[in-house]
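Here is the structure we will look at, set down as structure tokens.
First the proteins, then the strands, lettered A, B, ... as listed; each starts at 1.
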Amino acid sequence: MSPRPGPPRASAWEDAVLAVVAQVPPGRVLTYGDVAELLGHGSARGVGQSMARAGDEVCWWRVVRADGGLHEPLRARAAVEHGREGTPRRPDGRVDLGRARWDAAGLDLPSAPPG
DNA sequence: CATTTGACTGCGT
DNA sequence: AACGCAGCCAAAT
């Protein structure tokens with residue numbers, strides 16, 4: 001009905017980011033850089049941008065920084081979810097990436113580039 | 001189209 | 001361990 005197809009709310013790239021996050025199982029995490037790498041392009045910063053736009057529509061607490069920490073305003077809420085999901089974390093409160101990092105070998109992307 | 005911003009990362013001090 | 005700096009890239013202005 002429109003003379004031309006209206007552009008989606010989010011770009012295809014942002015949608016892909018959210019798709020990856022949606023695949024992360026409870027109790028596991030990925031780093032922002034991991035998500036970007038799985039997509040084959042983009043950067044950790046772009047991932048953070050997309051997640052900020054998505055808000056609570058995704059399990060954002062399953063994506064953490066490279067050091068296992070999170071953005072300060074999100075830290076408290078993430079701690080609750082991590083405790084509920086049993087996410088391995090260090091005494092410092094940061095996620096223990098050595099144990100919590102998700103093995104995305106079985107990830108099913110809508111359009112993943114050849115590895 | 002140019003500039004600024006930001007839920008990032010790695011390295012040096 | 002804390003801090004600063006440069007590189008990075010997509011979205012917003």
Requested in this report: Could you state the atom-to-atom distance from CG of Asp67(A) to P of dG10(B) in whole Å?
Outcome: 9 Å

Query - Whole-Å distance separating the NE2 atom of His71(A) from the C1' atom of dG6(B) - result: 8 Å

Report summary line: Between Val58(A) and Trp61(A), the two heavy atoms sitting closest are O-CZ3, 4.2 Å

Who pairs with [X] by side-chain contact (heavy atoms from CB on, under 4.5 Å), at least two apart in sequence or on another chain?
{"X": "Pro91(A)", "value": "none"}
{"X": "Asp96(A)", "value": "Pro88(A), Arg90(A), Arg99(A)"}
{"X": "Thr87(A)", "value": "Val29(A), His82(A), Glu85(A), Val95(A), Ala100(A)"}

Give every pair of a protein N or O atom and an N or O atom of nucleotides 1-3 of chain C that lie under 3.5 Å apart, one pair per line with the distance.
none

Requested in this report: Mark yes when over 12 heavy atoms from residues, nucleotides or ligands other than Glu81(A) sit less than 6.0 Å from its CD; otherwise mark no.
Outcome: yes

Requested in this report: Sequence neighbours left out, what passes side chain to side chain donor-acceptor pair (under 3.5 Å) with Arg75(A)? Give chain and number order.
Outcome: none

Polar atom pairs between nucleotides 7-13 of chain C and protein, under 3.5 Å, N or O only, would you list them?
from    : atom 1 : to       : atom 2 : distance (Å)
dG7(C)  : O6     : Arg45(A) : NH1    : 3.1
dC9(C)  : O4'    : Ser43(A) : OG     : 2.7
dA11(C) : OP1    : Ser11(A) : OG     : 2.3
dA12(C) : OP1    : Arg53(A) : NE     : 3.1
dA12(C) : OP1    : Arg53(A) : NH2    : 3.1

Query raised in the report: Looking across every strand, which nucleic acid part, if any, lies under 4.0 Å from Ala52(A) by heavy atom: base, sugar-phosphate, or nothing?
Result: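 It contacts base atoms.
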
Query raised in the report: What do the steps show when you test Val17(A) against Arg53(A) for side chain to side chain contact (heavy atoms under 4.5 Å, CB included), and what is the final call?
Result: CA-CA 11 Å; Val17(A) 170; Arg53(A) 294 280 299 154; over 6 Å; no

Report task. Test side chain to side chain contact (heavy atoms under 4.5 Å, CB included) on Thr31(A) and Arg101(A) and set out the steps. Result -> CA-CA 8 Å; Thr31(A) 68; Arg101(A) 205 174 210 176; 3.6 Å; yes

